[in-house]
Every structure is written in structure tokens, then in C-alpha cells.
Amino acid sequence: MTKNPTWISDWRPEDEAFWNATGKTIARRNLIWSIVAEHIGFSVWLIWSIVTTKLPQAGFHYTTDQLFQLVAVPGLIGALMRFPYTFAVTTFGGRNWTIFSAAILFIPTLSLAYFVSQPDTPFWLMLLIASTAGLGGGNFASSMTNISFFFPDKMKGWALGLNAAGGNIGVSSVQLLTPILMTLAVINLFQATPVDGVFLQNAGLMWVLPIAIAVFGAVFFMNNLTTAKSSIGNQLAVVKRKHTWIMAYLYIGTFGSFIGYSAAFPLLIKTQFPSVTIAIAFLGPLVGSLSRPFGGWLADRIGGSVITFWNFIVMAGATVGVLYFVGHKDFIGFLSMFLILFVTTGIGNGSTYRMIPSIFREQNLFKVRGKGDAARAVALKTASIESGAAVGFIGAVGAVGGYLIPSGFGKSIALTGGPQLALAIYLAFYASCLGLTWWFYLRRSPQREGAPSLAEARV
């Protein structure tokens, strides 16, 4: 292994002796700081889910639909940013990109801190400011791609689940801490006058120090892997793979639901149950984040496709429950069903992400069956590169749910006066995800020449 701590040239996580001697320690250190940076990225990405609930009382005259758009647009930008972020790791190095992607978060936090104190800000400009929060959403793709290279295949479900959960829980952090810290004048560098005892500027300022810590940690404690270097052309090959698109569709159902519901939940509570404090909203993304590693753990032991299939059944049932209780204006029932829905988004996130490396491994190994150990080693390396790219690409497509769900709620309320129409559409979508999971990954069918049986492999 090279003595240069920035770049590591000898990396063999599947070699048990290497892993136990040096690999494990390095991988875990990179995982820890990856989680820190990704956690802050998610927090910045979802800042507006809380800020929008306070804008009307701060003097901003935006419609309910416009408020939902301010919540939704960071989700769209975050999804789009994930495409270049996916390929950045293999181009610039995981450590180098983590430094950059963390440092750039000063833009959305400081711009938010300034403009929320200007009630005459036109909606188009505020929408532009909100869109910069999407930079935080891109971090997930690069972080997951990077960590996928550090761990052996048997531990990828656990490592990716832990990394993702550490990031996802940033949603809960921002929704729990922001309402509290917005009441503290000591954070407010602009010395602005509070509105109803709330310093909206603090929603951005509170993340400045954590961002600085994340940059410091990436500089001094993370590494780049030369074995993870690959041309963008080689990685883009995954776009031509059928299963890349199938898994991306399923991931809209799991992660897209998690980030979309997380973004919309505070404003949904505010509009449907005005007497209830939005401070309770953090519970949804919290349970969704904590359940993600459990989904990865279950998938490692039982099979990702099996867990994903049953998970979509529970998601559909919980959505029916939300539909019932929001119609009857029963907040306890509404909250209970939504918490179940959040738990299933987390479990599904973990299980679908575990399926991705398994699918690419099976497909590449099938191509070299009977060709010897050398061909097998090449196939495994190819599978690692492709699954790393697929993880980022699928994460990018899945994140579109961060825009579709809040936007759908806004349009549903504007057209019908309630969120039921949007929920019915989401329910139909989960049914389609259930069908796809069974058809491609659980259905026992005659093995076709040139293609492995993914159902037999229990991906």
C-alpha cells in the first residue's frame, strides 16, 4: 500500500487477510467522515421544509402551492445534481470530492440566512435561493458511490445502509433542531428583529460550523482509491442496462418516498392540522432513517428482492391508512400511519440498495462462468465499478421523488382542497413497484441463454 495517505493504490477488500490487517480500519474511518458530510448535506437539502412553514408569519405573501414549490424545488435540483456527483468520485477521488461537495454548502446556507430577512423578495428569486439547497442532495450519490468501493461484497448492505442512514437522519436533525435554534438570538449574525420570537436566519447560520468541521474531517481523515478510478464512458455503460432502470423506478418508490414525504410532512401537517405543532414532524424522517440499516441487514440475510416485495405491500397498506385518517381529520391515526410509511421507506431503501451490487455481480459472473479465476477476478472488478456507478445513477433518479411528492401534494390541495388525490396516485405507483419486483426478481422462470436467473440468486 502506498505511503501517501491521500491516494491508496493497493486496495483488496475481498482479500480477507488484507481486510483484517489494514482494510477494515481505513474503510471504517472513511465511512465515519462520509456519514458526517452526507448528514450535513441532507440537513441543508431539507432546510426549506421547515423554513416555508414560517414564511407567512414573517411577512412573505406566497400561496400554499408556492410554499410547496419552495419545498419541492430543492428535491428536483438535488436529483439532477446526483448525476454529475455519481461520476465525480471515479474522476476526482472520493476524498477530494467530499471536500468540495461539503464546502459548497456555504452557498445555500448563507444565501438563505440573508434572504429570509427580506419579506419583499419576489417568489422567483426565493425559488432560486431554495434551489441552491439542492446542492446538499447531490452529496448522497457521491458518498454512496465512494463507500461502495471500500467494503467487501458481503458487507456492502450493512455499510451502504449505515452510510445512507447517517445521511438520511440529517432530515430529522434539521426538522428537530431548526425550530429550536431559530429562537436563539446568539446565533443570528445579522442582528435582525425576530418575528414572533423566531430568527429565520438561524435556519441557515446554524450549519456554518458543522460544514467547516465536515470539510476539515474530509481533508485530514479520508482517502482516495486509485482502484476506483474509471472513465465516465465505462460507467455510463450502466445506463444501457435494463436493470439499472428497473431499480431506479423501484428506488423512486422507496427513497423518493422518503425524501418526498420528509420534505412535505411539516407543511402537510400545517395545512391539514393547523392546531398541531410542526415540531413533531421530525419523527417521520427519524424512524425512516433508523430503519434503513435494518433493511440492509435483512436483505443481506434473506435477500433484497424478498424484503423489497413485502415492503411495498406494507407501504401500500400504510398509504391506505393515511388516506382514511386524513379524510376523517384524525391526527393520531394520520401520524401513526405516516410513521409506518416512513419506516417502510427506510427498510425499502436498504433492501433496494442491497439488490444493486448483487444484480451486477451475478450478471458479470455469469458472463465468465467456466473461464477460470483470472476472468472471475476481472468480472468482480467490473461489477464493482458498474454497481458503484449504478448506485449513484439510481440514487439520482430516485431522488426525483423529493420533487414529485411535495409538488403533488401542493397541486392536489390547490385542485381539490385536500391531499387525497395525490395519495391515491402514490398508492397506484406502489402497486406497480410491487408488480415489477415480483416479475423481474422473484418470479421463477426458465433461465434464458446469456442471462442469469436473478430469482435463483436471491438478489
Side-chain angles (χ1 to χ4, degrees), residues 45-53 55 62-80 82 123 127 130-131 133-134 137 171 175 248-274 278 281 284-285 288 312 315-327 329 334-335 337-342 344-346 348-349 395-434 436:
W45 194 16
L46 271 292
I47 286 178
W48 287 87
S49 68
I50 291 296
V51 170
T52 51
T53 66
L55 289 179
Y62 301 149
T63 66
T64 298
D65 189 28
Q66 286 178 324
L67 292 176
F68 271 107
Q69 288 302 312
L70 289 174
V71 171
V73 74
L76 177 62
I77 300 303
L80 295 175
R82 287 183 173 200
F123 175 70
L127 196 64
S131 71
V171 180
Q175 293 183 348
Y249 188 88
L250 298 183
Y251 201 58
I252 294 175
T254 57
F255 179 77
S257 295
F258 170 79
I259 201 65
Y261 289 138
S262 295
F265 202 36
L267 199 54
L268 193 61
I269 291 174
K270 183 83 171 177
T271 57
Q272 301 306 303
F273 302 93
I278 60 163
F312 276 125
M315 285 187 79
T319 305
V320 171
V322 173
L323 265 167
Y324 175 82
F325 287 113
V326 77
K329 294 300 178 184
F334 169 84
L335 179 63
M337 289 296 106
F338 240 118
L339 290 181
I340 293 173
L341 192 51
F342 270 109
T344 56
T345 64
N349 285 341
V397 176
V400 172
Y403 172 77
L404 296 176
I405 286 180
S407 181
F409 278 135
K411 293 292 186 291
S412 179
I413 292 171
L415 291 173
T416 68
Q420 287 91 334
L421 174 61
L423 287 164
I425 293 172
Y426 306 153
L427 177 60
F429 179 74
Y430 297 145
S432 69
C433 290
L434 182 67
L436 281 174

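Note that the numbering runs from 1 along the sequence shown for the chain. Every value quoted in this text rests on a predicted model; they were computed, and no experiment measured them.
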Note, [X] side chain near [Y] side chain (heavy atom, < 4.5 Å):
{"X": "Val326", "Y": "Pro419", "value": "yes"}
{"X": "Ser257", "Y": "Phe342", "value": "no"}
{"X": "Ile259", "Y": "Trp45", "value": "yes"}
{"X": "Thr254", "Y": "Thr345", "value": "no"}
{"X": "Leu335", "Y": "Phe325", "value": "no"}
{"X": "Leu268", "Y": "Phe273", "value": "no"}
{"X": "Phe334", "Y": "Ile269", "value": "yes"}

Centroid separation under 6.0 Å, is that true for the rings of [Y] and [X]?
{"X": "Phe409", "Y": "Tyr426", "result": "yes"}
{"X": "Tyr249", "Y": "Phe429", "result": "yes"}
{"X": "Phe255", "Y": "Tyr251", "result": "yes"}

Can you see which heavy atom on [X] is nearest to which on [Y], and at what distance?
{"X": "Val171", "Y": "Pro285", "answer": "CG1-CB, 3.4 Å"}
{"X": "Thr344", "Y": "Met315", "answer": "OG1-CG, 3.0 Å"}
{"X": "Ser407", "Y": "Gln69", "answer": "OG-NE2, 3.4 Å"}
{"X": "Pro406", "Y": "Gly260", "answer": "CG-O, 3.7 Å"}
{"X": "Val71", "Y": "Ala264", "answer": "CG1-N, 4.1 Å"}
{"X": "Ala422", "Y": "Gly408", "answer": "CB-O, 3.7 Å"}

Pairwise distance [atom1]([X]) to [atom2]([Y]) - rounded to 0.5 angstrom:
{"X": "Thr319", "Y": "Ile425", "atom1": "OG1", "atom2": "CD1", "value": "12.5 Å"}
{"X": "Trp48", "Y": "Leu55", "atom1": "CH2", "atom2": "CG", "value": "6.0 Å"}
{"X": "Leu323", "Y": "Leu421", "atom1": "CG", "atom2": "CG", "value": "10.0 Å"}
{"X": "Ser49", "Y": "Leu67", "atom1": "OG", "atom2": "CG", "value": "12.5 Å"}
{"X": "Ser262", "Y": "Ile405", "atom1": "OG", "atom2": "CD1", "value": "9.0 Å"}
{"X": "Thr53", "Y": "Lys270", "atom1": "OG1", "atom2": "NZ", "value": "6.0 Å"}

Those residues that, when tested against Thr64, pass side chain to side chain donor-acceptor pair (under 3.5 Å) (two or more places apart): none

Donor-acceptor contact below 3.5 Å, side chain Gln66 vs main chain Thr63: yes

Donor-acceptor pair, side chain of Arg82 and main chain of Val397, under 3.5 angstrom: no

Pairwise salt bridge (charged side-chain N to carboxylate O under 4.0 Å, His left out) hits with a residue in residues 401-421, at least two apart: Asp65-Lys411

Side-chain donor-acceptor contact under 3.5 Å, Gln420 with Ser412: no

Thr52 versus Tyr62, side-chain donor and acceptor atoms under 3.5 Å: no

Heavy atoms of other groups near Phe123 CZ, more than 12 under 6.0 Å: yes

